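What follows is a single structure, written as structure tokens, with notes after it.
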Amino acid sequence: MVYDFKSIESKWQSYWSENKTFKVAMDNTMPKYYVLDMFPYPSGSGLHVGHPLGYIASDIISRFKRNKGFNVLHPMGFDSFGLPAEQYAIKTGKHPRLTTEINIKRFKKQLNKLGLSYDWDREIKTSDSSYYKWTQWIFLKLYNSFFDITDNKAKDISELKIPKGLNEDEKIQFIDSKRLAYLDNIDVNWCEELGTVLSNEEVIGGLSERGGYPVVRKPMRQWVMRITAYSERLLDDLKILDWPESIKLSQKNWIGKSEGAKIRFVIDKNSFIDVFTTRPDTIFGATYLVLAPENKLSIKLTTKENKNLVEDYIAKSSQKSDLERQENIKDKTGVFTGSYAFNPMSKEKIPIWIADYVLSGYGTGAVMAVPGHDERDYEFAKKFNLKILSVVQGGNKGDCYTGNGIITNSGKFNGLDNQKFKKIVCDILEETEAGEKTINYKLRDWIFTRQRYWGEPIPIMFDGKIKIPMTDRELPLELPDVDSFKPASDGSSPLARNNSWKNVLLDGKKYERETNTMPQWAGSCWYFLRFLDPRNSESFAEKNKIDYWMPVDVYIGGAEHAVLHLLYARFWHKVLYDLGYVSGPEPFKKLVNQGMILGNSAFIHRIKNSNTYVSYDLIEKYDVQKINIDIDLLNNNNELNLEKLKNSDIKYKNANYKFNEKFIVSREVEKMSKSKFNIVSPDRICEKYGADTLRMYEMFLGPLEQSKPWNTDGITGVHNFLKKFWNLYHDEIGFNVSDSKPNENSLKILHKTIKKVNSDIENFSFNTCVSAFMICVNELSSLNEKSSEVLRQLCLLISPFAPHICEEIWSKFGESDSISNQDFPTHDELYLIEDKFEYPISFNGKLRFKMIFKLDCEFNDIEKEISENEKVNTYLKGKKIKKIIFVKNKIINIVF
RNA sequence: GCUCGGGUGGUGGAAUUGGUAGACACGUUGGACUUAAAAUCCAAUGAACAGUAAUGUUCGUGCGGGUUCAAGUCCCGCCCCGAGUACCA
């Protein structure tokens, strides 16, 4: 009987969806397990074989845990607000809502073909107003909260203690300055050419992702989230998370905590400059100060003679793009202000400079330059002939030394260890009120507004400068239609042009809505909470459901979200925790990153400035350029099907081709993308081999976390395995198993496999599981095992990986219940014991023979036997045995 | 530059705390079945050398050292590839 995967798969997919097999509800009598995928952005090009990798892995875990007796929550939804749909709308005029709907339908269809066990009743879309109502609600919670530094947590704004003696305006200003969501003028990435503001992700190396135009910084009014208040907690709580070390490290680096000191350099009676340094021990080597061009003191401190130069420099550096700033790392620029300050320790009078290598956003926007022990300061000092003083011994003379050592040139402190001196400097500075120990973070507050249409509207109105938050009852603030999706040339959102929406008349008073929208991150910051109670209209999720399901037990997704999404989601979760809405401080207990599946692009080679294409084996003779072609145009690995190519495009039809016998293309591993024509669609694999084969093959390809190129060649191995597996249960006529006693060897191999699979699934080592299945099935077929006792267990064992075929077989055993409701097999140690074993022994590669030992024969017994009865074992091939190395009941080596 | 991952056959990849390196699969070669092909099944397959053969020997986990009875695994010093980050004082 043939393995007809097509009918089997469609049969069980409709069975699961009709019977809602994977629908879950809260059940306090069962332990819970929450398996979450990073929900996708429904892009227009559909799924490629790289997408399902994580979904298949999470599905295996879900099915496994279900069989293990857990109440498994495994939901799916769509991150449906986002830029590509908006860009498509700008191009075509089609409403993003419509294109998004179409894309979601396609995604869902493709996902369902893979046999993923989602509870689709919990599906959510971030662009549904019933969803973003609560995104807006959370925004308002942030707006109405402040961070209490003494209690180290967020509190409702009504609990904020307002200093006495403030007038009404000052009070409002004070409160606004403490909110977790606040308005500020912030430098944004402004692209003159495109006439729009870009997010950081849209800027690559100082150029716009689209078009490659220069991007400059420009201050604009923005909503900002005070994530910096949580720096320490975001850093601290990493310790309790079961996440890959590399991800924790990137978060740690992103937060960028550094301990040091704030030091005050006095200029005169009325003015001073504060700097931040991590090396207070080098204070005697601070021979000049540098301010960032954006620092407000820069202009104030400039003397008349230098005014023109300084203003010129500041103007120039504000126009510089990020790219230009980055280019000049070695070649530092700067100007002298004409002013001087006093080094608080050496009392020396030192010059104050302005240079764009100092960043305004970090520390105080000013540094004490120690050219002897900081490479940037060293470069700068060398260029402008400033004094270089060595105060820590080490390195070569005249060089810049950044290591530790003994203090010199520092008056009475010479000879101290620099680490000890650090503390002493801080103490002295604190005593003389010239500075203090401080901690600085690289993390900046999160710019939360986008000048875009396709995002959540911000539920705030303005009465002039006064902000009026909408009330909970007024939510959601629906996204209105607009005449055009283009952003305005001044960078404001398309919503700003919709006057009837923007202007609100309430009780005869005029208000204006905020016209910017939220970034794409907003919806994904809390979606895992909505899955718990997706249709609730009273709250974002019922508290007892949150208590039961949270935290997420396993979160699977790509490493590209290592920092931003995971950091933002943790931040929102902590705020909700502080305000009492969720029960734990961290949302994701365990994180697993699946690697990317790469495409194998194909290239043909064209002779430059000609219409002639050359086979890859002949290119040495010509000056050629390579051109991406569709991998569908290949006959096999690297041979081009010329006919297909010619028919694919008119420009190929009329071209000339040079080749011997075959036209060869070159191959290269790249990211899978539509523009590279290297997409392999899961639909076609499912069509040809079935979803079970695809699922197993994706797992078999290699370790889950590792990136690997897609190669369809190997898939027949997995497909053959499934056929063999099928044939264990079937003969030519049909289902055929017996009630006879199983073969002893079958039980051994079965239980060995059960043991391995149980531990490998827990460790997310799915590729080794598949290998174990193959070995097991191979052995059972060669033993011709027909016993249902063994075959039932085998079927259960494989079902998380290949659910369709296993459901089909399971039903043939006469079972009416789905295989997903059965218990996962557990191994019996009894079958794993081997009573005797035979091992070859080698010594220096020269001696090779076999010895047989009984199981109870252990290292001590052999040693005993040697000492007690010299005649028996002390000599082997004429050599006297000194020692037998015996590991885990195995003779490993014999020492003579 | 810095940080983090990796380098194992023709290929993807296995290898508990150091314990017979190359599991499993692809590919290749040979064979069976077939008029033929596909499909399927069986066998061989790290390299080199010797042998009619069974087999044996030597070399083999990026390179060079070290520890150990024993190193893909541990230590020291390099080389290469990938990812992230970018003047963070």
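In this text the structure is predicted, and so the values were computed from the model without any measurement.
In this structure G9(B) sits in the syn conformation; its chi angle is within 90° of 0.
G5(B) atom C1' lies 11 Å from atom CD1 of I247(A), rounded to whole Å. Distance NZ (K383(A)) to P (C87(B)): 17 Å, rounded to an integer number of Å. In this structure, the OH atom of Y362(A) is 14 Å from the P atom of A86(B), given to the nearest Å. Distance K708(A) NZ to A83(B) P: 16 Å, rounded to the nearest Å. Atom CD of Q251(A) is separated from atom P of U85(B) by 13 Å (rounded to the nearest Å). Separating the CE atom of M596(A) from the C1' atom of G6(B) is a distance of 15 Å, rounded to the nearest angstrom. Protein atom CZ of F265(A) is 16 Å distant from nucleotide atom P of A89(B), rounded to whole Å. Atom-to-atom, CE of M368(A) to P of A89(B) comes out at 12 Å; the value is rounded to the nearest Å.
Across all strands shown, E375(A) has no heavy atoms under 4.0 Å from either base or sugar-phosphate atoms. When heavy atoms are screened at a 4.0 angstrom cut-off, P703(A) is found touching the sugar-phosphate backbone but no base atom.
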For this session: Sugar-phosphate atoms are those with a prime plus P, OP1 and OP2; base atoms are the rest. Using that split, label each nucleotide of nucleotides 21-28 of chain B B, S or - for protein heavy atoms under 4.0 Å, 5' to 3'.
Result: --BBSS--
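Here K752(A) pairs with nothing under the salt bridge (charged side-chain N to carboxylate O under 4.0 Å, His left out) rule; sequence neighbours left out. Checked against salt bridge (charged side-chain N to carboxylate O under 4.0 Å, His left out), E375(A) has no partners two or more places apart in sequence or in another chain. When the salt bridge (charged side-chain N to carboxylate O under 4.0 Å, His left out) test is applied to D760(A), the partners found at least two apart in sequence or on another chain are K756(A). With sequence neighbours excluded, the residues that form a salt bridge (charged side-chain N to carboxylate O under 4.0 Å, His left out) with D374(A) are R376(A). The ring-ring contact (aromatic ring centres under 6.0 Å, His included) check on F276(A) picks up nothing, with sequence neighbours excluded.
Separating the C1' atom of A83(B) from that of C78(B) is a span of 22 Å, rounded to the nearest Å. To the nearest whole angstrom, the two C1' atoms, one in U73(B) and one in G7(B), are 14 Å apart. Taking atom C1' in both G18(B) and G5(B), the straight-line distance is 23 Å, to the nearest Å. Distance check on atom C1': U55(B) versus A37(B) gives 40 Å, rounded to whole Å. The gap from the C1' atom of A15(B) to that of G9(B) amounts to 15 Å, rounded to the nearest Å. The same atom, P, is picked in G6(B) and in C74(B); the two are 10 Å apart, to the nearest Å. For the P atom pair drawn from C59(B) and A70(B), the interatomic distance equals 15 Å after rounding to whole Å. Annotation: G82(B) and U8(B) have their P atoms spaced 14 Å apart (nearest Å).
Between L701(A) and G256(A), the residue anchored closer to the 5' end of RNA chain B is L701(A), taking for each the nucleotide with the nearest heavy atom. Each of S765(A) and T277(A) was assigned the nucleotide of RNA chain B with the nearest heavy atom; the assignment lying further toward the 5' end belongs to S765(A).
Taking 4.0 Å as the cut-off between side-chain N and carboxylate O, K383(A) and D331(A) count as a salt-bridged pair.
In this model, the phosphate group of C87(B) is not approached by any side-chain N or O of K332(A) to a distance below 4.0 Å at OP1 or OP2. The phosphate of A89(B) (OP1 or OP2) has no side-chain N or O of Y357(A) nearer than 4.0 angstrom. Contact annotation: Q706(A) side-chain N/O to G13(B) OP1/OP2 distance is under 4.0 Å.
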Which atom pairs, one a donor and one an acceptor, fall under 3.5 Å between side chains of residues 279-291 of chain A and the rest of the protein, sequence neighbours left out?
from, atom 1, to, atom 2, distance (Å)
R279(A), NE, D281(A), OD1, 3.2
R279(A), NE, D281(A), OD2, 3.2
R279(A), NH1, T402(A), O, 3.3
R279(A), NH2, D281(A), OD2, 3.2
D281(A), OD2, N418(A), ND2, 3.0
T282(A), OG1, R279(A), O, 2.8
T287(A), OG1, K387(A), O, 2.6
Y288(A), OH, D377(A), O, 2.9

Would you tabulate the side-chain donor-acceptor contacts of residues 435-442 of chain A under 3.5 Å, counting partners in other chains and residues two or more places apart, or write 'none'?
from, atom 1, to, atom 2, distance (Å)
T438(A), OG1, K262(A), N, 2.9
T438(A), OG1, E436(A), O, 3.4
Y441(A), OH, E232(A), OE1, 2.3

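Classified by interplanar angle (parallel below 30°, tilted 30° to 60°, perpendicular above 60°), the ring pair H561(A)/H565(A) is perpendicular.
Distance alone, capped at 3.5 Å, is enough to place a donor-acceptor pair between the R570(A) side chain and the L234(A) backbone.
Side-chain contact annotation: T333(A) with Y357(A), donor-acceptor N/O pair under 3.5 Å absent.
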Exercise. Pairs counted as Watson-Crick or G-U wobble with both distances under 3.5 Å: what dot-bracket string results for RNA chain B, using | for bases tied to another strand?
Worked result: (((((((..(((......[....)))((((((.......))))))(((((....)))))..(((((..]....))))))))))))....
